[in-house]
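Below, chain A is the first sequence line, B the second, and so on; all start at residue 1. Here the structure is a predicted model, which is why all the values come from computation and not from measurement.
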There are 2 protein chains.
Amino acid sequence: MSASTKLSTSVKALCYLAKAYPKPVSSSEIAAAIGINSSKLRMILSMLAKNGIVESNSGTTGGFKLKKQSSEIDLQEIYCAIEDRKAFHLDVRKDSIKKNSLPEKLNFYFLDLFAEVQVDIEDKMKKITLQSIINKINNN
Amino acid sequence: MSASTKLSTSVKALCYLAKAYPKPVSSSEIAAAIGINSSKLRMILSMLAKNGIVESNSGTTGGFKLKKQSSEIDLQEIYCAIEDRKAFHLDVRKDSIKKNSLPEKLNFYFLDLFAEVQVDIEDKMKKITLQSIINKINNN
DNA sequence: TTTATTTGTTACACTTACTGCAACAATTAA
DNA sequence: TTAATTGTTGCAGTAAGTGTAACAAATAAA
């Protein structure tokens with residue numbers, strides 16, 4: 001599952017939880033609603049739980065619910081919760097090049113450039129809250 | 001080979017060609033210099049040739065050379081030449097969702113958002129010329 | 001205590017994609 | 001005719017992704 005797919009899946013689940021709040025919802029109910037396997041969804045939700053975005057409880061009356069207000073949850077923190085690698089990670093070839101060679105210098109150049117792009121994207125995502133997405137969707 | 005690796009490989013090769021200009025250079029010479037298999041490099045260079053960035057010639061005195069001034073070549077056109085998919089393509093899950101459902105609306109939302117991000121990145125890359133990279137590298 | 005439900009995690013078979021390299025026809029100049 | 005080079009295809013080996021099942025641990029209800 002690609003990072004971008006995981007991100008959109010997460011937002012789908014979180015929107016569902018926002019609507020159901022404060023009632024807890026099971027992974028299988030959400031999974032059926034958004035069209036994904038419940039095991040896979042639980043993997044994502046457990047990461048969101050570890051990062052304090054949702055709350056999870058086992059047992060008969062258990063399930064998931066939002067732990068923060070939807071206006072306090074932004075895309076960047078969702079992304080960081082579900083992905084170890086830096087946002088929209090880009091890589092360069094590291095091996096088979098000599099020290100201080102032009103190829104090596106270019107590797108550093110691109111690492112810097114990609115890091116910059118990454119920061120731009122993260123800044124953009126920080127400005128987008130779950131609530132703003134819900135509002136936008138409802139007005140269409 | 002990831003898109004970002006292809007991009008940095010391309011720039012390494014183009015820098016090498018800029019330095020050698022106007023002498024044509026064989027793929028195996030470039031490949032040895034930047035640490036990549038010559039077959040693979042030829043695949044990349046042939047795409048750059050199809051897009052008018054380099055010139056290629058078969059035969060004994062053949063090889064590759066730049067077809068445009070390095071100040072006239074920008075990262076975005078290099079990227080487009082080597083990659084069919086849109087720059088830094090991001091995808092969303094399309095199947096198993098109902099028409100006009102919230103998940104479907106969110107898919108459209110993310111397609112738009114990712115397209116926006118893509119435009120931002122492309123704009124940034126358009127401003128970076130091969131010559132500006134060479135200048136930067138030489139001053140380090 | 002027992003039962004039912006749910007999370008969190010692991011495992012696994014299956015498929016797909018990637019990788020590095022070799023090979024070779026086509027082209028071209030010597 | 002020969003040698004060098006591009007452009008492209010193929011291929012074996014490896015890695016990564018996918019979808020699903022399974023099950024222990026936790027928890028509440030019966």
Side-chain angles (χ1 to χ4, degrees), chain A residues 1-6 9-10 13 16-17 20 23-67 81-85 89 91-97, chain B residues 1-6 9-10 13 16-17 20 23-32 34-67 81-85 89-97:
Chain A
M1 203 178 217
S2 74
S4 52
T5 305
K6 262 201 259 183
T9 300
S10 300
Y16 196 90
L17 290 180
K23 187 172 80 77
V25 188
S26 75
S27 61
S28 43
E29 180 179 334
I30 307 171
I34 68 178
I36 188 183
N37 179 277
S38 65
S39 255
K40 199 131 224 177
L41 179 63
R42 282 204 297 278
M43 291 180 207
I44 292 174
L45 286 172
S46 79
M47 288 189 281
L48 295 175
K50 280 174 190 155
N51 286 271
I53 297 170
V54 301
E55 180 186 326
S56 72
N57 289 106
S58 300
T60 317
T61 58
F64 297 89
K65 65 177 189 177
L66 290 190
K67 204 172 182 180
I82 57 176
E83 200 67 20
D84 292 336
R85 303 167 85 185
H89 177 81
D91 54 6
V92 296
R93 207 188 165 73
K94 294 200 201 83
D95 42 49
S96 310
I97 48 171
Chain B
M1 203 178 215
S2 73
S4 53
T5 305
K6 263 200 259 182
T9 300
S10 300
Y16 196 89
L17 290 180
K23 187 170 80 78
V25 188
S26 74
S27 61
S28 44
E29 181 180 333
I30 307 171
I34 69 180
I36 188 183
N37 178 278
S38 65
S39 256
K40 198 134 225 174
L41 179 63
R42 281 203 298 278
M43 292 181 208
I44 292 174
L45 287 173
S46 79
M47 288 188 283
L48 295 177
K50 279 172 191 157
N51 285 272
I53 297 170
V54 301
E55 179 186 326
S56 73
N57 288 105
S58 299
T60 318
T61 58
F64 297 88
K65 66 178 189 177
L66 291 190
K67 204 171 180 180
I82 58 176
E83 199 68 20
D84 292 335
R85 302 166 83 184
H89 177 81
L90 304 164
D91 53 7
V92 297
R93 206 187 166 72
K94 293 197 203 89
D95 42 51
S96 311
I97 48 171

| At what distance, to the nearest 0.5 angstrom, does NZ of B/Lys40 lie from CE of B/Met1? | 6.0 Å

| What are the two closest non-hydrogen atoms of B/Ile34 and B/Ala13, and how far apart are they? | CD1-N, 4.2 Å

| Measuring from B/Leu17:CG to B/Leu45:CG, what's the distance to the nearest 0.5 Å? | 6.5 Å

| query | Taking all atoms of both residues into account, what is the closest heavy-atom pair of B/Ser38 and B/Ser28, and its distance? | reply | CB-CA, 3.9 Å

| field | Between C/dT5 (P) and A/Glu29 (CD): distance, integer Å | value | 15 Å

| field | Close side-chain approach of A/Thr9 to A/Ile82, heavy-atom, < 4.5 Å | value | no

| query | B/Ser26 has a side chain; which of D/dT6, D/dA21, C/dT19 sits nearest to it? | reply | D/dT6

| request: Side chain of A/Met43 only, please: which of C/dG8, C/dC24, C/dT10 is the nearest? | output: C/dT10

| For the pair made of CD in B/Glu83 and C1' in C/dC18, what is the distance, rounded to whole Å? | 13 Å

| message | Output the rounded distance in Å from CG (B/Leu41) to P (D/dT6). | response | 9 Å

Could you go through residues 50-66 of chain B and list every donor-acceptor pair under 3.5 Å that involves a side-chain atom there, pairing it with any protein atom two or more places apart or in another chain?
residue: B/Asn51; atom: ND2; partner: B/Met47; partner atom: O; Å: 2.9

| Spacing between B/Lys6 atom NZ and C/dA17 atom P, to the nearest angstrom | 14 Å

| task | Please report the shortest heavy-atom distance between B/Ala31 and B/Leu41, naming the atom on each side. | result | N-CD2, 3.6 Å

| message | To the closest 0.5 Å, what do you measure between CE (B/Met43) and OG (B/Ser27)? | response | 11.0 Å

| message | Can you tell me if A/Ser39 touches the phosphate of C/dT9, counting only side-chain N or O atoms and a distance under 4.0 Å to OP1 or OP2? | response | no

| How long is the line joining NZ of B/Lys65 and C1' of C/dT28, in whole Å? | 15 Å

| From the list C/dG8, D/dT6, C/dG20, which nucleotide is the closest neighbour of the side chain of B/Lys40? | C/dG20

| field | Reported CD1-to-CZ distance for the pair B/Ile36 and B/Arg42, which is rounded to 0.5 angstrom | value | 11.0 Å

| task | In whole angstrom, give the distance that lies between atom CZ of A/Arg42 and atom P of C/dT5. | result | 14 Å

| message | Any base atoms under 4.0 Å from A/Ser28, or only sugar-phosphate, or nothing? Heavy atoms, all strands. | response | nothing

| task | Could you state the atom-to-atom distance from CD1 of B/Ile44 to P of C/dC18 in whole Å? | result | 14 Å

| Between A/Asn37 (CG) and C/dC14 (P), how many Å, whole number? | 18 Å

| Residue-level proximity of residues 49-58 of chain B to DNA chain C when a heavy atom falls under 4.0 Å | B/Ser58

Hey, what are the protein-to-nucleotides 1-3 of chain D N/O distances that come in under 3.5 Å?
none

